[in-house]
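Atoms within a ligand are numbered from 1 in the order they appear, just like the ligands themselves. Keep in mind that this is a model prediction, so the values were computed, not measured. Index from 1, following the sequence.
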Amino acid sequence: MNIYKTLLTSALLLSVSIVLSQQNQSNQLGGTEGYSIPHLKKQGNATQLIVKNKPYLILGGELGNSTFTSVENMATVWPKLKAMNLNTILAPVFWELIEPEEGKFDFKLLDDLLLEARKNNFKIVLLWFGSWKNSMSSHAPAWVKTNQKRYPRAKDQNGISQEILSPFGENNLQADRLAFKTLMQHLRDIDGKEQTVIMVQPENEIGMLPSARDHSPLANKKYNTKVPEEFINYLSKNKKVLVPEFHKVWSKNGFKTNGTWEEIFGIGEHTSEIFMAWYFAKFTQEVISAGKEVYPLPMFVNAALNAKGKKPGEYPSAGPLPHLMDVWKAAAPSIDFLSPDFYNPDFKYWNDLYVRQGNPLFIPEHKFDHTVAGKAAYAIGHYQAMGFSPFSIESSVDPHNEPLGRMYDLIGQLTPLITKNQGLNRMEGVLLDKENIGSIVRLGNYEFTFNHSYKLGWEAEAKNETWDMAGAIIIQTGNKEFYVAGNGFYVTFKNIKDPNLKVGILKVDEGVFENMKWKIIRHLNGDQTHQGRHLRIFKENYNIQRLELYDYE
Ligand code: DGJ
């Protein structure tokens, strides 16, 4: 009896101390009910998004720009999103609707969005369509748009006004700042407890067009004054770690630390872009810090990627692009990370540029095409990404059979394993097509050679001119134990620690994770492993397999 009493007392004490420590944490972070508010946390070399005290992986999709403008319009959308196994939507809120009259705020649409998302069990990444949306200021309220004296516009090199608010207008900044702060205040009040909104993206695809910089009188004045000391100090302090493209630009005039923009960086469009990036980022910093003052959710910015070979001004210039990473980081330390939007195919190239300097990867937009399923697996497996999100997600015509949905199902099942192993060199991802037929991955003592399953020539589509993209995630869970998931590949093995040893399959099972427990559906051998030669998942068969290897002489 006594032992039970002692056990009961210690259990009670333990639970009280857990609650207390959670409350302390939540007090610090402003959360409620024992939960810290969503925040970012490092694990090894990965950055995790923590939601309700647990790492969260975004299996996302971004709504088309005008989709959530009424509850009715969403009625047919939610079932589609569920069918595709999403857990998060990226959804915009519009300055013009939130503050239709100066100082008068209307949050009805946002409130509806939150209620609907909760009812349907989705989290939200909120997009603030404020001063800029795809370079333009189309979402500014009418009282801003129609008063250009008070809210000045950017001008091109011919002095022609654009429908782009100038980042040099102090009234522009104060108006956006106040609107965003009020939005975040409202969000904290209605969502601080429930935490449906887990991150915020202030502005959208900031970028200057059709010239590389703003040529309004306010901008010209700044352009001809000295580069702010704050920027120079950052560059000097971080000289060794600047991205090579930027380092090269600064080196041209001998790493000058005093002078105007042109004196330091030289004459040319590249300098116009650097100048503009600094002031866009400064403006964004002010907006973000005002929002974080009241509700410090993680906040990131996104960029329209520049097409190769185009000059500043020919693409939306000065946004949070990889070659301007240092400028954005110097000017806007409150931004948690920079993100790429993909509407061109060079997935690996751009991601490699974005993950420099420890910038965490989250892909808020990708063209919703036939490549997204493989890329979701690759981004999460290889780049340890926080999540993935194709654009205009509701446009799926067959959501129950959507490849992305099938891949999200697998990633959803694996989430506890993925988040446990993120950043610890125990997880990898693979992306294969006809141009990239094979890929080598090393985990622990083993090397895995992944090949596109069409290389076997056993599937009819192998004869096609182009090959569908295939993607895989592999996670090491023991010395010789791995989980492999995805579609369209086969994989063979080598021992890299002792190359004299050969490697065979001890066991392969196909299964599912149900409530985080592994349940075997099929034991795979014989033809299904090519008599022990490989592990394989054909293009049409999305699944998870548990692999156990052994070595032999
Ligand atoms: C990128 C933008 O960020 C989205 O809001 C949308 O306009 C898409 N482009 C359209 O392709």
Contacts under 3.5 angstrom, residues 123-131 side chains, donor-acceptor by atom type, not counting sequence neighbours:
{"residue": "K123", "atom": "NZ", "partner": "Q195", "partner atom": "O", "Å": "2.8"}
{"residue": "W128", "atom": "NE1", "partner": "D176", "partner atom": "OD1", "Å": "3.0"}
{"residue": "S131", "atom": "OG", "partner": "D176", "partner atom": "OD2", "Å": "2.5"}

Salt bridge K119-E116, side-chain N to carboxylate O under 4.0 Å: yes

Salt bridge check, E394 against K80: does any charged N sit closer than 4.0 Å to a carboxylate O? no

Looking at Y378, does the NZ or CZ of K348 lie under 6.0 angstrom from its six-membered ring centre and within 45 degrees of the ring axis? yes

Is a donor from one side chain sitting under 3.5 angstrom from an acceptor on the other, for E194 and Y35? no

Inventory of protein N or O atoms under 3.5 Å from ligand 1 N or O:
{"residue": "ligand 1", "atom": "3 (O)", "partner": "N204", "partner atom": "ND2", "Å": "2.8"}
{"residue": "ligand 1", "atom": "3 (O)", "partner": "E205", "partner atom": "OE2", "Å": "3.4"}
{"residue": "ligand 1", "atom": "3 (O)", "partner": "E365", "partner atom": "OE1", "Å": "3.2"}
{"residue": "ligand 1", "atom": "3 (O)", "partner": "E365", "partner atom": "OE2", "Å": "2.6"}
{"residue": "ligand 1", "atom": "5 (O)", "partner": "N65", "partner atom": "ND2", "Å": "3.0"}
{"residue": "ligand 1", "atom": "5 (O)", "partner": "K133", "partner atom": "NZ", "Å": "3.0"}
{"residue": "ligand 1", "atom": "7 (O)", "partner": "N65", "partner atom": "OD1", "Å": "3.4"}
{"residue": "ligand 1", "atom": "7 (O)", "partner": "K133", "partner atom": "NZ", "Å": "2.9"}
{"residue": "ligand 1", "atom": "7 (O)", "partner": "N134", "partner atom": "ND2", "Å": "3.1"}

Is the ring pair W95/W143 parallel, tilted or perpendicular, if the boundaries are 30 and 60 degrees? perpendicular

